[in-house]
K.L.:
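Take a look at the following structure, please.
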Amino acid sequence: MNGLSLSELCCLFCCPPCPGRIAAKLAFLPPEATYSLVPEPEPGPRGAGTAPLGTLRASSGAPGRWKLHLTERADFQYSHRELDTIEVFPTKSARGNRVSCMYVRCVPGASFYIGLGSRLHCNIFSYDYSGYDASSGRPSERNLYADIDAAWQALRTSIEKVSKITSPVLIIHGTEDEVIDFSHGLALYERCPKAVEPLWVEGTGHNDIELYSQYLERLRRFISQELPSQRA
């Protein structure tokens, strides 16, 4: 039975004989963690070097910044190029457990989640159940439902933060962006109370928008005219 020993079976059915706990112990068997979520130190002095390969740079809705440290036994060891496409952050479920989330922007020629997103032409959002890897608590059916809700709310509110910005915001987006869809730029502009006139550059992608003259011209107008007028 799932490789359980005699002592584990006795503990499962006798301590105590609660159907919910029995089901949880049979359904959820979290493996030994291969990574951990830790606070990211403040940037050091210039020339201090870059983060080690097994560290995912993170931004989060939680206070401070975080990184995900991978052990040698982790299934995937990402390259620096792949790290640039990944954000990790913790959120909290209604049952008080910390749920570790990962948001992966798709790029070509990468592995698993990153490669999957590239093949499907979409970004990938994933999270750990309570009691798994970097998430706290214990695995159970009730925690699972709370985890789903917390992860969904965390994903929905990447964009909700923009309504709290109090400084002028210039949004520039290429209409043919192959990495971050143009709809993201539109949604940010619609929800940002301090947004100035945006720049939608027709026909440009994610990595060539700065080659167009209107890109530099719009930035100059924002810095030299619109920012000073807001501060006056």
Side-chain angles (χ1 to χ4, degrees), residues 40 43-53 55-61 65 67-68 76-89 101-126 155-232:
E40 189 173 31
R46 184 175 300 179
T50 59
L53 183 60
T55 299
L56 304 184
R57 287 166 290 177
S59 64
S60 76
R65 294 173 62 86
K67 63 181 179 180
L68 196 64
F76 298 97
Q77 300 291 338
Y78 296 107
S79 67
H80 287 297
R81 178 171 176 270
E82 290 171 328
L83 297 183
D84 288 337
T85 71
I86 298 173
E87 293 181 38
V88 292
F89 59 91
C101 303
M102 178 183 292
Y103 184 74
V104 183
R105 296 182 297 277
C106 70
V107 293
S111 60
F112 193 55
Y113 279 147
I114 305 175
L116 177 64
S118 298
R119 290 192 293 272
L120 297 177
H121 302 291
C122 67
N123 300 325
I124 303 291
F125 178 80
S126 68
L155 181 61
R156 285 183 62 247
T157 56
S158 53
I159 192 166
E160 299 302 328
K161 294 177 185 177
V162 75
S163 63
K164 301 177 182 179
I165 297 176
T166 59
S167 60
V169 176
L170 169 62
I171 298 174
I172 301 177
H173 211 125
T175 60
E176 302 299 324
D177 194 320
E178 71 285 359
V179 177
I180 300 176
D181 191 78
F182 178 52
S183 62
H184 289 250
L186 288 171
L188 287 171
Y189 174 67
E190 292 170 355
R191 290 168 172 80
C192 185
K194 290 290 188 176
V196 299
E197 180 186 357
L199 173 63
W200 312 130
V201 187
E202 291 290 337
T204 60
H206 190 72
N207 295 312
D208 62 349
I209 192 170
E210 71 277 6
L211 302 179
Y212 289 72
S213 60
Q214 58 264 49
Y215 174 83
L216 186 58
E217 292 168 1
R218 185 67 187 90
L219 281 175
R220 283 174 175 162
R221 180 156 62 93
F222 177 67
I223 295 171
S224 63
Q225 299 178 24
E226 292 166 327
L227 276 181
S229 67
Q230 291 286 338
R231 293 169 181 165

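Worth saying up front: this structure is predicted, and the values here are computed from it rather than measured. As a basis for the values below, the full set of heavy atoms in this structure was taken, side chains included, without hydrogen atoms, waters or symmetry mates. In this chain, numbering begins with 1 at the start of the sequence shown.
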K.L.:
Please, which pairs that meet side chain to side chain donor-acceptor pair (under 3.5 Å) have at least one residue in residues 203-216, sequence neighbours excluded?
P.N.:
Asp177-His206

K.L.:
Decide, yes or no, whether a salt bridge links Arg218 with Glu226 under the criterion of side-chain N to carboxylate O below 4.0 Å.
P.N.:
yes

K.L.:
List the residues meeting side chain to side chain contact (heavy atoms under 4.5 Å, CB included) with Ile223, not counting sequence neighbours, and say none if there are none.
P.N.:
none

K.L.:
Relative to each other, are the rings of His173 and Trp200 parallel, tilted or perpendicular (30° and 60° limits)?
P.N.:
tilted

K.L.:
State which residues pass salt bridge (charged side-chain N to carboxylate O under 4.0 Å, His left out) with Glu197; sequence neighbours excluded, sorted by chain then number.
P.N.:
Arg221

K.L.:
Before giving the answer on side chain to side chain contact (heavy atoms under 4.5 Å, CB included), spell out for Ile209 and Ile172 the whole-Å C-alpha distance, their side-chain angles and the decisive distance to 0.1 Å.
P.N.:
CA-CA 9 Å; Ile209 192 170; Ile172 301 177; 3.5 Å; yes

K.L.:
Give the minimum heavy-atom separation between Pro228 and Phe222, together with the two atoms involved.
P.N.:
CD-O, 4.3 Å

K.L.:
Can you name the nearest heavy-atom pair linking Pro193 to Ile165, along with the distance?
P.N.:
CG-O, 3.9 Å

K.L.:
From Ser163 OG over to Leu188 CG, what is the distance, rounded to the nearest 0.5 angstrom?
P.N.:
11.0 Å

K.L.:
Considering all heavy atoms of both residues, which atom of Pro198 and which atom of Leu170 are nearest to each other, and what is their separation?
P.N.:
CA-CD1, 4.4 Å

K.L.:
Would you find a donor on one side and an acceptor on the other, under 3.5 Å apart, between the side chain of Thr175 and the backbone of Gly203?
P.N.:
yes

